[in-house]
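What you see below is based on every heavy atom in this structure, not just the backbone, and it leaves out hydrogens, waters and symmetry mates.
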Amino acid sequence: PKVRRGITFNEMNAAQQESAYDLLKSCLGDGTFQKTIDIMQLETVLKELEKRKPEDKYRDPGNYHFTIFGTPSSKTIWGWRFEGHHISFNFSFNKKSLVAGTPGFLGSNPAIVLNGPMAGKQVLKNESDRGFALLNSLTDAQIKKAIIDTVAFADIQTFNKRNAMMGKPVGIRYSELSKEQQSLMVQLMSIYVHRYKPDLAEKMMSDIRKAGLENVWFSWAGHTKPVIGKGAYYRIQGPTIIIEYDNTQNNANHVHSVVRDLMHDFGGDLLLEHYKKGHSH
């Protein structure tokens with residue numbers, strides 16, 4: 001939690017807040033919208049866990065920021081961002097068309113709520129369960145290829161870099177998997193891609209397939225079973241996409257996850273060319 005650019009829910013009246021939620025719904029899949037709300041509400045859980053006083057505003061579900069770039073219209077290239085603790089979505093538009101929605105970051109602390117009224121809540125359960133399902137479908141020989149380190153990384157490796165490229169992919173390739181395992185890998189990718197509305201999600205999946213599923217890699221680091229206290233990390237990397245999941249912090253009960261569209265991240269070439277041609281700065 002920190003001060004960011006843009007207007008927060010705390011600065012809006014009820015009607016404005018409703019419009020802000022509608023804006024989120026216009027770009028996010030239904031399930032992702034609910035995850036977003038749930039992540040915001042986890043701030044109240046953290047406030048209780050950290051034994052903060054009622055007047056302490058460090059943990060605040062209203063401290064989430066909307067920022068608009070350019071002028072939204074049917075004639076312009078523009079964008080908007082929604083960001084706060086454990087949430088960051090970056091949307092770029094060409095006129096009325098949504099052309100990009102990444103980086104798309106979601107985190108959860110706790111990953112699984114252990115006590116209190118929300119005990120058992122696991123906001124990013126699908127991201128965890130599907131990752132472990134794919135890993136544990138592999139044969140011993142495949143696992144040797146997929147596991148790149150016995151210790152999970154301390155965080156996602158792309159961080160907030162403008163360029164998310166990570167060099168040569170590592171792990172096991174899609175083409176080295178059985179049909180059943182390939183299906184599990186596509187299902188895992190789909191969870192992240194379908195954080196967005198169907199039109200954008202389908203375009204992202206189409207880009208992945210056009211670049212060749214055989215060029216997509218899956219890698220793992222850390223513990224191979226979902227156990228609190230045992231950190232785990234996985235990555236899916238292909239010509240058009242990087243997906244990362246990391247659960248290591250706070251006794252491995254604190255998840256960071258991100259999807260990066262390498263063709264359109266932060267608006268991609270469309271936005272870059274627009275500024276090159278139309279602006280002097």
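- Proximity of a side-chain donor or acceptor of Tyr64 to a complementary backbone N or O of Thr8 within less than 3.5 Å is not detected.
- For the pair Ser257 (side chain) and Leu106 (backbone), a donor-acceptor distance under 3.5 Å is present.
- Hydrophobic clustering, defined by side-chain heavy atoms of Ile, Leu, Val, Met, Phe, Trp and Tyr closer than 4.5 Å, groups Ile228 together with Ile112, Leu114.
- Here the side chain of Asn13 pairs a donor or acceptor atom with the backbone of Ala15 at under 3.5 angstrom.
- The backbone N or O of Gly101 lies less than 3.5 Å from no partner atom in the side chain of Asp261, so there is not a single donor-acceptor pair.
- A search for side chain to side chain donor-acceptor pair (under 3.5 Å) contacts involving Ser175 returns nothing, not counting sequence neighbours.
- When only modelled atom types and interatomic distance are considered, Asn10 and Asn63 share no side-chain donor-acceptor pair under 3.5 Å.
- Remark: Val3 engages no residue in a side chain to side chain contact (heavy atoms under 4.5 Å, CB included) (not counting sequence neighbours).
- The pair Glu127-Arg195 counts as a salt bridge, with a side-chain nitrogen and a carboxylate oxygen less than 4.0 angstrom apart.
- Distance alone, capped at 3.5 Å, is enough to place a donor-acceptor pair between the Thr67 side chain and the Arg5 backbone.
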| Worked check of ring pair (Phe, Tyr, Trp, His ring centres under 6.0 Å) between His86 and His254 | CA-CA 10 Å; His86 278 156; His254 178 158; 4.8 Å; yes

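- Side chains of Ser183 and Gln187: a donor on one and an acceptor on the other come within 3.5 Å.
- Between the side chains of Asp38 and Gln34, at least one donor N or O lies within less than 3.5 Å of an accepting N or O.
- Remark: the backbone N or O of Ala154 is paired with a side-chain donor or acceptor of Thr248 at under 3.5 angstrom.
- Applying the ring-ring contact (aromatic ring centres under 6.0 Å, His included) test to Phe105 and every residue at least two apart in sequence or in another chain returns His256.
- With sequence neighbours left out, the ring-ring contact (aromatic ring centres under 6.0 Å, His included) criterion links Phe33 to no other residue.
- Between the side chain of Lys47 and the main chain of Pro54, a donor-acceptor pair closer than 3.5 Å is present.
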| request: Determine, stepwise, if the pair Phe91 / Phe82 fulfils ring pair (Phe, Tyr, Trp, His ring centres under 6.0 Å). | output: CA-CA 9 Å; Phe91 300 102; Phe82 180 64; 9.1 Å; no

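- For Tyr233, the ring-ring contact (aromatic ring centres under 6.0 Å, His included) partners two or more places apart in sequence, or in a different chain, are Phe153.
- Thr102 pairs in a side-chain contact (heavy atoms from CB on, under 4.5 Å) with only one of the listed residues (Asp265, Ile242, Leu200, Val258), which is Asp265.
- The aromatic rings of Tyr196 and Phe89 lie perpendicular to each other, with more than 60° between the two planes, well past the 30° mark.
- Nearest heavy atom pair, residue Cys27 against residue Phe93, reads SG-CZ, 3.8 Å.
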| Candidate pair Ile39 and Asn109, rule side-chain contact (heavy atoms from CB on, under 4.5 Å), full reasoning | CA-CA 8 Å; Ile39 289 167; Asn109 181 23; over 6 Å; no

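- Gln142 places a side-chain N or O within donor-acceptor distance of the main-chain N or O of Glu176, the cut-off being under 3.5 Å.
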